Amino acid sequence: MKLERASKSKSYMRVALQGASGSGKTYSALRLAFGMSKGTDIAIIDTENGSAHLYSSLGNYQVVQLSAPYTPERYIEALELCVKHQVGVVIIDSLSHEWEGHGGILEMHGASSGSNSFANWARITPRHNALVQCMLSLPMHVIATLRSKQEYTLQKDDRGRAVPQKIGMKPVQRDGIDYEFTTVLQVTMDHKATAAKDRTGLFPLDTPFLITEEVGKRLLAWAEDTPSTPASLSTNHINEYQNAYGN
């Protein structure tokens, strides 16, 4: 046990990209990873039936194919493989399968013996928490994609009837998963992102931007606490990205 001066250079980025199917999360995650890699290896843990191979033209990266059952232990095994091979940036594509996929947490809970839901959760939650702790302790940058779905709530109409009302998009994972990430970016169907959570101060609120390698470089500079880190990702920079990479 010892005291040491706090420094961001001793930390790694934890970034989540959340969006509906078809919003470009995998492609965006890879572009972000190339900006953050600094020449180190990139690996993608692919739960999307080989979709990670579709973007091989972007550059060199490795793929770990993860098939069902999507248990926390299988994710941990894949992450430990990345540590063994000294990967610099790992993409988990997607983390939603661990929650809602075949053999994932929700399916485990539904198949648990006994009728006591709380007791069943008490047995399963530590397995999920072990994956979260593994992800947070990795000696590498982590980018996780999360599928989003429309969330509803019941509201009474003018006749007093309970009717569903849309209240926004919600990531498919355990409630509060966003607290585990440094930055959470919401990717829309036009492939642009806005910050849903940001501890870096790089992303202006309510201003959409394209996720490019340059965004990854800026996140890396912030994590390494380098003097060249910009105060924010300004509108001028966003326009530059759009001109360079298209709308």
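Side chains included, hydrogens not; waters and symmetry mates left out as well; all remaining heavy atoms used. Here the structure is a predicted model, which means the values were calculated and not measured.
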Next on the checklist: Working note: Val187 + Ile211, criterion side chain to side chain contact (heavy atoms under 4.5 Å, CB included); need CA distance, chi angles, decisive distance, verdict.
Outcome noted: CA-CA 9 Å; Val187 186; Ile211 297 176; 4.2 Å; yes

Checklist entry - In terms of hydrophobic clusters joined by side-chain contacts under 4.5 Å, are Leu32 and Val90 together? => result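 Result: no, two separate clusters.
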
Item to check | hydrophobic_cluster_shared for Tyr61 and Met36, side chain cutoff 4.5 Å | outcome: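 Same cluster.
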
Item to check | Step-by-step side chain to side chain contact (heavy atoms under 4.5 Å, CB included) determination, Arg174 to Thr125 | outcome: CA-CA 10 Å; Arg174 186 164 192 165; Thr125 296; 3.1 Å; yes

Item to check | Test side chain to side chain contact (heavy atoms under 4.5 Å, CB included) applied to Thr194 and Phe209, step by step | outcome: CA-CA 7 Å; Thr194 53; Phe209 60 94; 5.7 Å; no

Checklist entry - Does Ser37 reach the main-chain N or O of Ile42 with its side chain, forming a donor-acceptor pair under 3.5 Å? => result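 Judged by distance alone, no pair lies under 3.5 Å.
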
Checklist entry - So, does Arg14 use its side chain to make a donor-acceptor pair with the main chain of Ile143 at under 3.5 Å? => result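 Answer holds: no.
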
Checklist entry - Is it the case that more than 12 heavy atoms not belonging to Lys38 sit under 6.0 Å from its NZ atom? => result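 Atom NZ in Lys38 is not packed in, count stays at 12 or less.
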
Closest approach of [X] to [Y] (non-hydrogen atoms, all atoms of both residues):
X: Val184; Y: Phe181; answer: CG2-CB, 4.0 Å
X: His191; Y: Gly22; answer: CE1-O, 3.6 Å
X: Leu30; Y: Tyr55; answer: CD1-CB, 3.6 Å
X: Ser67; Y: Arg74; answer: O-NH2, 2.9 Å
X: Ala78; Y: Ile45; answer: CB-CD1, 3.7 Å
X: Met108; Y: Pro72; answer: CE-CD, 3.4 Å

Checklist entry - Do you see a donor-acceptor pair shorter than 3.5 Å between the side chains of Gln173 and Glu98? => result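 Yes.
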
Next on the checklist: Taking the basic N atoms (NZ, or NE/NH1/NH2) and the acidic carboxylate oxygens, is any pair closer than 4.0 Å for Glu214 and Arg218?
Outcome noted: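 Judged by the 4.0 Å cut-off on N to carboxylate O distance, Glu214 and Arg218 do form a salt bridge.
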
Item to check | Residue pairs passing the salt bridge (charged side-chain N to carboxylate O under 4.0 Å, His left out) test where at least one lies in residues 77-97, sequence neighbours excluded | outcome: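 Not a single pair qualifies under salt bridge (charged side-chain N to carboxylate O under 4.0 Å, His left out).
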
Checklist entry - Going through the distances and angles, do Thr26 and Ile44 end up as a side chain to side chain contact (heavy atoms under 4.5 Å, CB included)? => result CA-CA 9 Å; Thr26 304; Ile44 179 167; 4.0 Å; yes

Checklist entry - Out of Trp121, Trp99, Tyr70, which one pairs with His128 under the ring pair (Phe, Tyr, Trp, His ring centres under 6.0 Å) rule? => result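 Among the candidates, only Trp99 passes.
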
Item to check | Between NZ on residue Lys170 and CD on residue Gln18, distance to nearest 0.5 Å | outcome: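 Taking NZ in Lys170 and CD in Gln18, the distance rounds to 11.5 Å.
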
Checklist entry - Using 30° and 60° as the class limits, which term best fits the ring planes of Tyr12 and His141: parallel, tilted or perpendicular? => result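 It falls in the perpendicular class, over 60°.
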
